[in-house]
Undergrad: 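To start, I am sharing the structure in question, which I have written as structure tokens.
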Amino acid sequence: MSDTNSSLPSPAASHPTTLLLVDGSSYLYRAFHALPDLRGPGGEPTGAIQGIVSMLQKLRQEYPAAHAACVFDAKGKTFRDDLYAEYKAQRAPMPPELAAQIAPIHEVVRLLGWPVLEVPGIEADDVIGTLAAVGAASGHQVVVSTGDKDLAQLVNPQVTLVNTMSAEKLDEAGVLAKFGVPPDRIVDYLTLMGDAVDNVPGVEKVGPKTAAKWIAEHGSLDGVIANADSVKGVAGENLRKALDWLPMGRRLVTVKTDCDLAGHLPGWPSIEALGFGRPQVEALLAFYTRLGLRTFKRELERASGIEPADASPAPARSHGLFAASNEDEGDLPALPEVGETSHVAVLDWPDFEDWFGRIRAAPLVALDTETDSLEPMRARIVGLSFSVKPGEACYIPLTHNYPGAPEQLPLDEVLARLKPWLEDAGRPKVGQNLKYDGHVFANHGIALRGIAHDTLLQSYVLEAHKPHSLESLAERHLGRKGLSYEQVAGKGAQQIPFAQVSVEIATQYSGEDSEMTLHVHEALWPRLERDSKLRYVYEQIELPTARVLQTIERHGVLIDAALLQQQSRELAERMVALEAEAHALAGQPFNLGSPKQIGEILFNKLGLPAKKKTASGAPSTDEDVLTELAADYPLPAKLLEHRSLSKLKGTYTDKLPLMVNPDTGRVHTNYAQAVAVTGRLASNDPNLQNIPIRTAEGRRVREAFVAPPGSKILSADYSQIELRIMAHISEDEVLLKAFADGIDVHRATASEVFGVAVDQVSSEQRRYAKVINFGLIYGMGAFGLASNLGIETKAAKDYIDRYFARFAGVRRYMDETRLQAKAQGYVETVFGRRLWLPEINSPNGPRRTGAERQAINAPMQGTAADLIKLAMIAVQGALEAENRATKMIMQVHDELVLEVPEAELEWARVEIPRLMAGVAQLKVPLLAEVGVGPNWEQAH
DNA sequence: CTGCTAGCATA
DNA sequence: GTATGCTAGCAGA
């Protein structure tokens, strides 16, 4: 491999004064239609992607340029839409096969090193027009690559046009030859013809020939207009009819050259930032592999001197290859490329001091802990790894313990030496899920501070719907594949403790974990940094939330285990009795916990009617079915009661006492911060977010969530948070008013839907309205509402119609959200969290409509998640600032639970709901309701 | 022992 | 009709 054998474009020959502008949007459609329906390994369409990639490569080869931009249309309205409501109105929605390729196209264009511009509110044409004008003014030769004739109006001595797909080039003479008018008359020419594609009318019956002829005769559009009376024939008639329109038409077809690109192009109005970045070889290879683009992959491998795959995984070393293009990368991210990796074990103090010196000097350090347990509260350190540079890491083995294990540095002394650095908030650290490592250090009496970044949260904010394990991130963003934990420690019953993994293998594995984390950070952070919304979610919501969660998890929850065990005994007794009754009714013994045996008894032996089937075809015995059968037969009722008791016992009263940590005497759940795609938390080991509340039996479990002597449990929950968010986003006047006036929202809904006064709403009507409101939040249809209310689909549809007639703003919101989701592939929360919907344009009907319901629900559920995270940050901030002894102990989506010493009760009762309500100023007031009691049940 | 299904707890 | 996590049963190792 050398610096000069590249078959890639030769940037060494860059002409410093050429500016290459690519009309990405015009090529999207052309590439899509020009190429056959090519598919990747997963069946995903790739035709347009291949077309664009090969076009860009050809273009860059032919026009060595130092500056360039690939410009795409952004979603949303432009000034033309404001000017003319029908603008582009006839345009068919983008075919789903093309829509699915938009995101990958943007991705690959960036990976190829092209600056990408996409400016909300400004069409690609106008961005290009503006850049061309600025480029020409600053002495560049501008080459505009487009498939769209409209841009011919930009041509002048400094600006030429090229259609890369047809290889046609147009300078001033070329434009005149092709269109019959010079570039500065193209606007006039287009105005007369109109543009069917964009739904801009011109003069009826006037095509290219007539337009060019008139302009030649009269010099310009103004000349044509001035002489309109003298034009003969039908065309003349039509011209006179169109006279009022033509000025508007001209404004629509004129490409703007004076747009403000501030905020979208660093250094604007300079175009210096539009430098080519370095192609991200590893990520490109991963991209090509993912989409099955073997030809591109082979070309790139050959060009970068990489052995084609399946041979040994030679490190993708390509430094220097693109060096000549690195001079002006602008601020576009370019991944550092990792050559041979180096992972070294630190086994003596001189090595330790050497590495610790490097760690202290580094601006950002990645770290990872290896432990003897997956339980965060009890894991002990086995080894530590650090990295200050992708590809390089040290591993400090500490308590590896197996026959022949090398002598290792003493854990306590190493930790004592590292402690000041680990606890220094001024020494920035990055990790993958540092909440876990924070617990581990805390187990050793170290408070990890200076958590500047977390790659788990970066990935979650960027693409919540994709996997976030370090392994996946390295593969997806770096094209790197490290050792997996399974490879190192085995899996299942054969898995060995990490302390028994050999130091050599552990060094490789743990070293990779920290240096790949740093590497992933360098790939992901620039993407967040330049996106103000996502950056806000990451820096102001997720990172601080992680710290709060660690605090909550460590506090844990006090459980009255004896009370639960007593409940278990009572439940067991009743279950035994129910079991005997069920066996008698069935005429034989069977396992009441087996849906299969229940089905056998009910539907075969006793001949009861089956009501529905499970996914795999067996007759269902779920709650709905048994409830229906219970009206006519005695056995199903016994089964239902047994089921419900069995659930309580098996999931809660038996299990929670087993989860009490013997060291702390409390239960420490784990909050998963990066699993729920909507932004919600999830709780596990144990799940404290699904403790029963609906039935009296179930609520007894909550009595076992107690406060210690001298304290109380305080529960504060947001009232109707998702409906309030719906009111805020939809700006529906009726809903806004109901909340502003503090009216019970279900009552208000019933009043509107049933046409009665608010104080005349019956409890039945309110119940219906409540179901409707919940249905709306879930993106319901008539069928779902009907089955929930037990009414005819037609009647349900009637209710929905009446609802939407009264709440027109809500209907508009639902329609717009669906459209927006389809157009951009994602929806957003009020705070800018992005919720991707990969199936929103799926050709598969059920999948697509499922995604549409998600699109409706996600902004509401997600905004609620954002709000309560902000509330947790605010509450924790207040507790710490005021040095309170009150502790936050649980979060249940719209509820915060705290343990409050009696001395602070008065304060907490007022301040907690006030803090929760004050985290955002929406168009409706936020309300948090508070309750206090000796246990969670009585705090409601 | 592992992975899947059915069912059900919460917001 | 949205979003989760956990359990018992059961089939195939």
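These numbers come from a predicted model, not from an experiment. In the text below, chain A, chain B and the rest are named by the order of the sequence lines, each starting its count at 1. Values below: all heavy atoms of this structure, side chains included; hydrogens, waters and symmetry mates excluded.
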Undergrad: Does a nitrogen or oxygen in the side chain of Arg694(A) sit under 4.0 Å from OP1 or OP2 of dA9(B)?
TA: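 No, because none of the side-chain N or O atoms of Arg694(A) sits under 4.0 Å from OP1 or OP2 of dA9(B).
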Undergrad: Tell me yes or no: between the side chains of Gln567(A) and Lys649(A), is some donor less than 3.5 Å from an acceptor?
TA: no
Undergrad: Given dA9(B), dA6(B), dC10(C), which nucleotide is nearest the side-chain atoms of Thr614(A)?
TA: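 Nearest to the side-chain atoms of Thr614(A), counting from C-beta on, is dA6(B).
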Undergrad: dA3(C) P sits how many Å from Gln854(A) CD, rounded?
TA: 4 Å
Undergrad: Any donor-acceptor pair under 3.5 Å linking the side chain of Asp717(A) with the backbone of Glu895(A)?
TA: no
Undergrad: Without decimals, in angstroms, what is the distance between Asp624(A) CG and dA9(B) P?
TA: 12 Å
Undergrad: In terms of side-chain heavy atoms of Ala615(A), which of dT10(B), dT7(C), dA6(B) is nearest?
TA: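 Nearest listed nucleotide: dA6(B).
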Undergrad: Just how far, in rounded Å, is C1' of dA8(C) from CG of Leu639(A)?
TA: 15 Å
Undergrad: Within the pair Asn591(A) and dG9(C), is there a side-chain N or O less than 4.0 Å away from OP1 or OP2?
TA: yes
Undergrad: With a non-hydrogen cut-off below 4.0 angstrom, is Ser787(A) in contact with a base, only sugar-phosphate, or nothing?
TA: nothing
Undergrad: In whole Å, what is the span from the CG atom of Leu681(A) to the C1' atom of dG5(C)?
TA: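 Rounded to the whole Å, the gap is 14 Å.
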Undergrad: Counting side-chain heavy atoms from CB outward, which of dA6(B), dG5(C), dT7(C) is closest to Ser616(A)?
TA: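 Between dA6(B), dG5(C), dT7(C), the one nearest the side chain of Ser616(A) would be dA6(B).
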Undergrad: Consider the side chain of Val675(A), meaning its heavy atoms from C-beta on, and name the nucleotide among dG5(C), dA9(B), dA11(B) that approaches it most closely.
TA: dG5(C)
Undergrad: Ring centres under 6.0 Å, that's the criterion: do Tyr813(A) and Phe807(A) meet it?
TA: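 Centroid separation for Tyr813(A) and Phe807(A): 6.0 Å or greater.
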Undergrad: Quick check for you: among dG1(C), dT2(C), dT10(B), whose closest atom lies nearest to any side-chain atom of Asn690(A)?
TA: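 Output: dT10(B).
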Undergrad: Glu623(A) has an atom CD; how far is it from atom C1' of dT10(B), in whole Å?
TA: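 These atoms are roughly 14 Å apart.
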Undergrad: Compare the minimum distances between each of dG1(C), dA3(C), dA9(B) and the side chain of Lys647(A), then state the nucleotide with the smallest one.
TA: dA9(B)
Undergrad: Taking everything shown except Arg378(A) itself, do over 12 heavy atoms lie less than 6.0 Å from its CZ?
TA: no
Undergrad: Using a 4.0 Å heavy-atom cut-off across all strands, classify Ser620(A) as base, sugar-phosphate, or nothing.
TA: sugar-phosphate
Undergrad: Between the protein and nucleotides 11-13 of chain C, list the N/O to N/O atom pairs that are separated by less than 3.5 angstrom.
TA:
from	atom 1	to	atom 2	distance (Å)
dA11(C)	OP1	Lys596(A)	NZ	2.7

Undergrad: Starting the side chain at C-beta, find the nucleotide from dT2(B), dA3(C), dT4(C) nearest to Arg680(A).
TA: dA3(C)
Undergrad: Taking CE from Met659(A) and P from dC6(C), how many angstroms apart are they, rounded to a whole number?
TA: 8 Å
Undergrad: Does a side chain donor of either Thr669(A) or Ser683(A) reach within less than 3.5 Å of an acceptor in the other side chain?
TA: yes
Undergrad: Check the phosphate of dT2(C) against Arg853(A), side-chain N and O only, distance under 4.0 Å to OP1 or OP2. Yes or no?
TA: yes
Undergrad: Between Gln689(A) and dA3(C), does any side-chain N or O lie under 4.0 Å from OP1 or OP2?
TA: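 The answer is no; no side-chain N or O of Gln689(A) sits under 4.0 Å from OP1 or OP2.
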Undergrad: Between dT10(B), dG1(C), dA3(C), which nucleotide has the shortest distance from any of its atoms to the side chain of Ala676(A)?
TA: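 Selected nucleotide (nearest to the side chain): dA3(C).
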Undergrad: Under 4.0 Å from OP1 or OP2 of dC8(B): is there any side-chain N or O of Arg643(A) that close?
TA: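 Yes.
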Undergrad: Would you indicate, yes or no, if dC10(C) has its OP1 or OP2 atom less than 4.0 angstrom from a side-chain nitrogen or oxygen of Ser594(A)?
TA: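 Answer is yes, contact under 4.0 Å.
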Undergrad: Is it true that Glu553(A) and His439(A) share a donor-acceptor pair across their side chains at a distance under 3.5 Å?
TA: yes
Undergrad: Below 30° counts as parallel, above 60° as perpendicular, anything between as tilted: where do the rings of Phe498(A) and Tyr485(A) land?
TA: parallel
Undergrad: What's the closest nucleotide to the side chain of Pro595(A) if the choices are dA3(C), dA9(B), dA6(B)?
TA: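 Of the options given, the side chain of Pro595(A) lies nearest dA6(B).
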Undergrad: Indicate yes or no: at least one non-hydrogen side-chain atom of Val677(A) is less than 4.5 angstrom from one of Leu835(A).
TA: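 Contact flag for Val677(A)/Leu835(A) side chains = no.
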Undergrad: Which part of the nucleic acid, if any, lies within contact of Tyr652(A), taking any heavy atom under 4.0 Å across all strands shown: a base, the sugar-phosphate backbone alone, or nothing?
TA: sugar-phosphate
Undergrad: Is any side-chain nitrogen or oxygen of Thr621(A) closer than 4.0 Å to OP1 or OP2 of dG7(B)?
TA: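 So the side-chain polar atoms of Thr621(A) do come within 4.0 Å of the phosphate oxygens OP1 or OP2 of dG7(B), strictly under.
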Undergrad: Is it the case that Arg812(A) and Thr817(A) place a side-chain donor and acceptor less than 3.5 Å from each other?
TA: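 Side chains of Arg812(A) and Thr817(A): no pair found under 3.5 Å.
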Undergrad: I need the CZ-C1' distance between Arg818(A) and dG1(C), as an integer number of Å.
TA: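 Answer to the nearest Å: 12 Å.
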Undergrad: Figure out the NE2/P separation between His465(A) and dA3(C), and round it to whole Å.
TA: 14 Å
Undergrad: Please classify the nucleic acid contact of Leu648(A) as base, sugar-phosphate, or nothing, using heavy-atom distances under 4.0 Å.
TA: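 Contact class for Leu648(A): none.
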Undergrad: Mind checking if Gly779(A) touches a base, just sugar-phosphate, or nothing, with heavy atoms under 4.0 Å?
TA: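 Nothing, no heavy atom under 4.0 Å.
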